[in-house]
Protein chains: 2
Amino acid sequence: MTKASDRAYEAIRGMILSGELSSGDPLREEALAERCGVSRTPIREALRQLEADLMVRRTESQRSYVSDWSLDDVADAFELRAMLEGYAARRAAERITDDIVDQLKSCNKAIYSAVSRVKPDVTTFLDRNREFHALVLETAGSRRLTNLLTALIEQPVVWRTAQHYDPEAFERSHGEHADLLAAFERRDGAWAQSIMESHIRRALHAYSDAHKGLGKLEKGAA
Amino acid sequence: MTKASDRAYEAIRGMILSGELSSGDPLREEALAERCGVSRTPIREALRQLEADLMVRRTESQRSYVSDWSLDDVADAFELRAMLEGYAARRAAERITDDIVDQLKSCNKAIYSAVSRVKPDVTTFLDRNREFHALVLETAGSRRLTNLLTALIEQPVVWRTAQHYDPEAFERSHGEHADLLAAFERRDGAWAQSIMESHIRRALHAYSDAHKGLGKLEKGAA
DNA sequence: CTTTTATCAATTGTATACAATAAAGCTCAC
DNA sequence: GTGAGCTTTATTGTATACAATTGATAAAAG
């Protein structure tokens, strides 16, 4: 049996990601407890975690709300992510083994077969993409970096971004991963860093193109 | 009256910083509760925060221990800090107002008077240095960046580093702040970034010089 | 003597009751 | 009418009891 606080975390996170809870909505502990079928104690724990993830903000009077993300906030998150994942890629290139390269290759192959069809399988793409980046991060071998980056990656906007990709964008993403692998095989940290930064920045612009003119992120952003 | 969980956080943090609790020591909720004079509930909250700060680690079986920092870990933290604070300085230079520049100047003046004496006032130096960096970070105007950096800055090693400074190192630190102010006055983001990165990296090497040969950080590291 | 397994102790997880605090509404003076 | 101050209500904070899980110990089988 999984812990109640973990279930509560996933449940609330899911409500935010799905749009069931919108930006600015108040999060009252008792209401969430009832909704999740647990007591307030694990809810409080979950809210603290979500707050660390920046998906929830607390006012000075300790009340919790779903975070609202302006376009600037999103750009900011991507910029930080580009910097940190670029650094992760550099470190990974300096530490990678042939074994890990093989794992990354098969992972990217799975991405390719998910997106190189008339109707791309977005869910598989997201899962495998996540796996790819997680493996790079792990190879970078910095607990602190991992800690910082997960907070950035677990953001709603990051996950919703891919919903706006056109088929070409999916293929490009796969191609950039392939470039990254070339850099890894040559153990070229600087190259890996550049590619990764470009990769993330491209994702930012894909997002901002899709949301041009919007000041705030709306509920059913898809 | 301040919240019990906040008091507990400060108390435990203090125990770690002072060396009353050493690296690897187990943190049992009940024992801490008794020691802090509160119940387990606020202790749990404090531990979660300290875990987010990376001052406490939890095993897979949910037991908490004081984090141990190898020299590599420290180097890692400083490297990340250099990158992120460099970015913060760049953003700050692009957004700074004359008013903030004045505040930073008076802050650095206070640093100067604290360290330009036969026996430098380390506590004042630390407080003002913290204030200086906090103000730069605030000026950078990125909630996410602030969030990430505070986790890195609130580390024991960062605070203990200055204990090893010689008088010359204190003066150099003041001088680098002055350089940074020059970059701010000219609104030169790239320059500000370079200076800040050097500033942090110098601090790293001051630290590693003082700890040469040590594999782990010891309790009474001073 | 080693390994396995069963039991027990120690520790964390959860629910609930109550206390403290902040928001909302209401009264009353002006 | 409007705003200050009180009262009420809603919400979060804390303590405590108990449940669940983990780690340690010891007994038994190989």
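Proteins get letters first, then strands, A, B, ... in listed order; numbering begins at 1 in each. Predicted model, so just to flag it, every value in this text is computed and none were measured. Heavy atoms only: backbone and side chains are in, while hydrogens, waters and symmetry mates are out.
Per the geometry, CZ belonging to B:R58 stands 13 Å off P belonging to D:dG23, to the nearest Å. To the nearest angstrom, C1' of C:dT11 lies 10 Å from OH of B:Y65. At whole-Å resolution of the value, NZ in B:K3 and C1' in D:dT12 are 8 Å apart. If you take CD1 of A:I43 and C1' of C:dA15, they are 13 Å apart, rounded to a whole angstrom. Across the protein-nucleic acid pair, B:R28 atom CZ and D:dT21 atom C1' stand 17 Å apart, rounded to whole Å. Atom pair B:L47:CG and D:dT14:C1' shows a separation of 16 Å (rounding to whole Å applied). If you measure from atom CD of B:E34 to atom C1' of D:dT16, you get 15 Å, rounded to the nearest angstrom. When the C1' atom of C:dA17 is taken as reference, atom CZ of A:R44 falls 14 Å away, rounded to whole Å.
Comparing D:dT12, C:dT14, C:dT12 against the side chain of B:E29 picks out C:dT12 as the nearest. For A:R40, counting side-chain heavy atoms from C-beta on, the closest listed nucleotide (C:dG13, C:dT16, D:dG13) is D:dG13. Counting only heavy atoms from C-beta on, B:P42 has its side chain closest to D:dA15 among D:dA17, D:dA15, C:dT11.
Contact between the side-chain N/O atoms of A:S5 and the OP1/OP2 oxygens of C:dG13 is not found at any separation under 4.0 Å. Phosphate contact (OP1/OP2 of C:dT12, side-chain N/O of B:R48, threshold under 4.0 Å): absent. For A:Q62, a side-chain nitrogen or oxygen approaches OP1 or OP2 of D:dG13 to under 4.0 Å. Within the structure, a side-chain polar atom (N or O) of B:S39 is placed less than 4.0 Å from OP1 or OP2 of D:dA15.
The aromatic rings of B:H133 and B:H177 stand perpendicular to each other, their planes meeting at an angle above 60°, with 30° marking the opposite boundary.
Within 4.0 Å (heavy atoms only), A:L27 reaches sugar-phosphate atoms of the nucleic acid but no base atom. Backbone-only engagement by A:R63 is indicated by non-hydrogen atom pairs under 4.0 Å involving sugar-phosphate atoms exclusively. Among the protein residues, B:S61 comes within range of the sugar-phosphate backbone only, with heavy atoms under 4.0 Å from sugar or phosphate atoms but none that close to a base.
Between B:R144 and A:E79, no side-chain nitrogen of the basic residue sits less than 4.0 Å from a carboxylate oxygen of the acidic one, so the salt-bridge criterion is not met.
Of the residues listed (B:R40, B:R58, B:R48, B:R63), the one engaging B:E29 in a salt bridge (Lys or Arg N to Asp or Glu O under 4.0 Å) is B:R40, and it is the only one.
Looking at which nucleotide of DNA chain C each of A:D6 and A:E60 is closest to, the 5′-most match is held by A:D6. Between B:S64 and A:T59, the residue whose closest nucleotide on DNA chain C is further toward the 5' end is B:S64.
Looking only at side-chain heavy atoms (C-beta outward), B:L17 and B:M55 come within less than 4.5 Å of each other. In this structure, the side chains of B:D68 and B:R57 come closer than 4.5 Å at one or more pairs of heavy atoms.
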